[in-house]
Protein chains: 2
Amino acid sequence: MKPELCKVDQALGILVGKWKPIILLHLFNEGTQRFSELKRLMPEITQKMLTKQLRELEDEDIVNRVVYPQVPPKVEYSISAYGQSLQPVLAVMHEWGTNHASHIAKMKNDYVIGDSLVK
Amino acid sequence: MKPELCKVDQALGILVGKWKPIILLHLFNEGTQRFSELKRLMPEITQKMLTKQLRELEDEDIVNRVVYPQVPPKVEYSISAYGQSLQPVLAVMHEWGTNHASHIAKMKNDYVIGDSLVK
DNA sequence: CAGGATCCACGGTGATACTG
DNA sequence: CAGTATCACCGTGGATCCTG
């Protein structure tokens with residue numbers, strides 16, 4: 001079987017990107033946001049990256065981009081109607097991810113205790 | 001909020017890798033497999049990549065690696081007890097991914113029809 | 001059989017500067 | 001304000017050869 005035929009990769013494809021999950025989280029939680037508001041919510045992201053990741057999400061019809069023709073410019077981003085369908089997916093991943101973090105922590109801890117040695 | 005704090009990234013982290021989803025799919029569907037069997041199931045993967053991705057999944061306690069001390073070597077891989085917890089996650093992603101593929105196809109199709117122009 | 005070791009190409013990401 | 005343009009780095013993945 002070829003990797004392209006694995007549908008999991010379809011979902012993975014739109015989520016992969018250093019900032020995409022956090023961008024989606026903000027749009028889901030805080031609702032419609034302007035470009036500058038998203039930037040303020042994620043101080044470490046560069047404008048270039050924010051633009052790029054938003055464009056990619058827009059191309060996949062996950063987010064809506066609304067431009068107000070005025071000066072200074074105003075652009076609002078929001079989760080599209082179709083994008084709402086991602087919510088359960090993100091919820092499952094978030095839940096599993098939360099548990100996984102503690103699972104790995106516990107594994108390492110057990111090892112240290114059993115070995116009586118750090119590192 | 002820092003991207004590292006997004007738990008979705010935890011799940012993403014263990015799934016990201018060109019061959020990981022397909023490897024997991026085979027281990028879930030076909031059960032325990034030898035290294036060479038996995039290689040045969042995925043003719044396009046290189047030995048280096050198969051080894052690397054399996055090691056990473058093993059490090060996350062998703063797959064078990066059992067070495068039989070014999071000549072020639074025999075190594076079997078399987079989904080770990082903990083790794084089973086990934087099944088619902090993959091199922092949701094697979095389902096969403098399947099629908100997404102047709103959604104995007106439909107979008108492009110609508111565009112072509114509405115515009116009466118190809119490309 | 002199941003890797004390990006190298007070398008290399010490519011794309012994603014970041015820093016910075018500029019613009020309508 | 002909301003981008004675009006350019007340059008540079010680095011990790012992922014691939015090709016190839018070697019080994020217990």
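Per chain, numbering begins at 1; letters A, B, ... match sequence-line order. In what follows, every heavy atom counts, from backbone to side chain, and hydrogens, waters and symmetry copies are set aside.
- Proximity of B:R34 to the phosphate of C:dA2: a side-chain N or O atom is located under 4.0 Å from OP1 or OP2.
- A donor-acceptor contact shorter than 3.5 Å is absent between the side chain of A:Q10 and the backbone of A:K7.
- Sequence order on DNA chain C of the closest nucleotides to B:K74 and A:Q53 puts B:K74 first from the 5' end.
- Remark: the A:K48 side chain and the C:dG14 base include a donor-acceptor N/O pair separated by less than 3.5 Å.
- Between the side chain of A:S80 and the backbone N or O of A:I62, at least one donor-acceptor pair lies under 3.5 Å.
- Counting only heavy atoms from C-beta on, B:M49 has its side chain closest to D:dG14 among D:dG14, C:dG14, C:dG4.
- Side chains of B:H100 and A:E60: a donor-acceptor N/O pair is present below 3.5 angstrom, by distance only.
- We find that CE of B:M42 is positioned 15 Å from C1' of D:dG13, with the value rounded to whole Å.
- Listed candidates were C:dG3, D:dG20, D:dA2. Nearest to the side chain of A:F35 is D:dA2.
- The listed nucleotides are D:dG14, C:dT13, D:dA2; the one nearest the side chain of A:K18 is C:dT13.
- Side-chain atoms of B:K52 lie closest to D:dT12 of the nucleotides D:dT12, D:dA2, C:dG14.
- Across all strands shown, B:K39 has no heavy atoms under 4.0 Å from either base or sugar-phosphate atoms.
- Residue B:R65 places at least one side-chain N or O under 4.0 Å from the OP1 or OP2 atom of C:dG3.
- Taking atom CD on B:E44 and atom C1' on D:dG14, their separation rounds to 12 Å, with Å as the unit.
- Contacts of B:Y77 with the nucleic acid, taken as non-hydrogen atoms under 4.0 Å apart, involve only primed sugar atoms and P, OP1 or OP2.
- Atom-to-atom, CD1 of B:I22 to C1' of D:dG13 comes out at 17 Å; the value is rounded to the nearest Å.
- In this pair, B:Y77 and B:F35 present their aromatic rings tilted. The plane angle is within the 30 to 60° band.
- Comparing B:P73 and A:Q47 against DNA chain C, the residue whose closest nucleotide sits nearer the 5' end is B:P73.
- In this entry the distance linking CD of A:E76 with P of D:dA2 reads 9 Å, nearest Å.
- Taking the charged nitrogens against the carboxylate oxygens, A:E56 and A:K20 do have a contact shorter than 4.0 Å, which makes a salt bridge.
- Out of D:dG14, C:dG3, C:dA2, the shortest distance to the side chain of B:S36 is found at C:dA2.
- In this structure, B:Q33 atom CD and C:dC1 atom P are separated by 15 Å, rounded to whole Å.
- Atom CG in B:L50 sits about 14 Å away from atom C1' in C:dG4, given to the nearest Å.
- The distance between atom CZ of A:R55 and atom P of D:dA2, rounded to the nearest whole Å, is 12 Å.
- One interatomic measurement links the two molecules: CD of A:E58 to P of D:dA2, which rounds to 15 Å at whole-angstrom precision.
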